[in-house]
Amino acid sequence: MKITVLKDSDRVARALARRITDALREQPDLVLGLATGRTPVDAYAQLRRMHQEDDGDWSRASTFNLDEFAGIDASHPGSFRQFMQHHLFEGVNLDPSRIHFLNGAAADLDAECDRYEEAIHQAGGIDLQVLGIGSNGHIGFNEPGDELLARTHRVRLQPSTRRDNAPLFGDDPSHVPAEALSMGIGTILRARRIVLVATGAKKADCIARTVNGRIATRVPASVLQVHPDVEILLDRAAAVRVGRT
Ligand code: F6R
């Protein structure tokens, strides 16, 4: 794993945006895996600014987001689809037909997960996957537990994850859907390149366990240790425990 520590969260956002625009320049038909959550929001704002300044042509790129809530459709204001629309998609020249999302309102959610795996495969696989990390070590919605699932699957969200997502649902965790759909650990590990971003002191512990610790299903992000091309972009606050056990 390559660990890059930057002075503050603003520099992390700029570095992530730069990684993405460089990849788009090198490979205009890039297949990009994207995350929601608070951490990448400033990088997405930076990408919209860069696009306005003619830096970043998204016209041939495709995107696959990591996860979506179950039981709500893409037009729901709390959906990750709306989140991405607002924070990134409406500010860049992505072809809407190349934006891929799990449909949390599908009648058969297991079939929807299979469809998504197949769509990623048909697109040639993910070239660059952006990840955040939950303070419990989750990536996507792959929550800590006794086992991890390889393929895209349904997930019952942990209370802490529902609390973390409450701002999307009127600050009321009970309004956050109890279930979600998420790329699996195998889906994520098949990405050719991964960049994980984490900022702030609240992420210091899960980052230390991800990079210093043993590979454990209780720390889902620790599986990234086996991937050949992972960069972890951190601000100083999130990096304070890296290298210490
Ligand atoms: C979101 C996702 C999650 C978040 C994680 C961190 O698509 O997959 O794993 O990346 O929960 O969220 P923030 O950035 O809000 O701390």
Side-chain angles (χ1 to χ4, degrees), residues 9-10 12-13 15-17 20 32-46 63-70 72 74 76 78-89 99-104 113 116 120 126 128-145 148-149 152-169 171 173 176-177 179-185 187-189 191 194-207 209-210 219-224 230-235 237-239:
S9 60
D10 190 45
V12 170
L16 175 59
I20 293 172
L32 192 56
L34 292 171
T36 56
R38 279 170 291 273
T39 316
V41 161
D42 290 345
Y44 294 159
Q46 177 71 7
T63 65
F64 285 87
N65 263 79
L66 278 166
D67 40 21
E68 180 58 285
F69 295 107
I72 59 173
H76 190 288
S79 70
F80 285 159
R81 180 66 183 79
Q82 287 302 312
F83 179 100
M84 289 306 300
Q85 191 64 25
H86 173 68
H87 287 290
L88 179 64
F89 297 158
I99 294 173
H100 301 273
F101 243 90
L102 281 153
N103 176 11
C113 293
Y116 206 60
I120 294 171
I126 292 171
L128 171 58
Q129 176 67 56
V130 175
L131 293 177
I133 182 170
S135 46
N136 64 4
H138 74 211
I139 47 176
F141 276 139
N142 294 279
E143 299 279 30
L148 295 170
L149 293 176
T152 300
H153 58 282
R154 296 168 71 158
V155 195
R156 183 145 283 277
L157 296 177
Q158 293 196 351
S160 62
T161 302
R162 291 178 81 196
R163 269 197 307 278
D164 286 348
N165 282 282
L168 295 171
F169 294 87
D171 273 331
V176 178
E179 267 199 303
L181 307 180
S182 176
M183 282 189 201
I185 288 293
T187 326
I188 293 170
L189 287 177
I194 295 174
V195 179
L196 182 148
V197 275
T199 55
K202 278 215 284 209
K203 298 290 170 73
D205 186 50
C206 64
I207 285 296
R209 297 197 318 142
T210 294
V219 188
S222 64
V223 302
L224 298 174
V230 176
E231 183 179 18
I232 304 203
L233 282 174
L234 302 172
D235 66 358

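Both counts, for ligands and for their atoms, begin at 1 and track the order of listing.
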With backbone taken as N, CA, C and O and side chain as the heavy atoms from C-beta onward, which portion of [X] lies under 4.0 Å from ligand 1: side chain, backbone, both, or neither?
X      : result
Thr36  : both
Asp67  : side chain
Ile133 : backbone

**Asked** According to the interplanar angle, ranging from 0 to 90°, do the rings of Phe69 and Phe141 count as parallel (below 30°), tilted (30 to 60°) or perpendicular (above 60°)?
**Response**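 The rings of Phe69 and Phe141 sit tilted, inter-plane angle from 30° to 60°.
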Quick one: nearest non-hydrogen protein atom to [atom], plus distance?
atom                    : answer
atom 10 (O) of ligand 1 : Gly132 CA, 3.3 Å
atom 14 (O) of ligand 1 : Thr39 OG1, 2.5 Å
atom 11 (O) of ligand 1 : His138 NE2, 2.7 Å
atom 12 (O) of ligand 1 : Gly37 CA, 4.1 Å
atom 15 (O) of ligand 1 : Arg38 N, 2.7 Å
atom 16 (O) of ligand 1 : Lys203 NZ, 2.6 Å

**Asked** Shortest non-hydrogen contact from Ala204 to Ala237?
**Response**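 For Ala204 versus Ala237, the nearest heavy atoms are CB-O, 3.7 Å.
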**Message:** Donor-acceptor pair, distance only, cut-off 3.5 Å: does the side chain of Glu231 make one with the backbone of Val195?
**Reply:**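 No: the side chain of Glu231 does not pair with the backbone of Val195.
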**Message:** Is there a polar contact between ligand 1 and Gly140, counting only N or O atoms under 3.5 Å apart?
**Reply:**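 Yes, since at least one N or O of Gly140 sits under 3.5 Å from an N or O of ligand 1.
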**Message:** With heavy-atom distances below 4.5 Å as the criterion, would you say the side chains of Phe89 and Arg81 are in contact?
**Reply:**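 Sidechains of Arg81 and Phe89: in contact.
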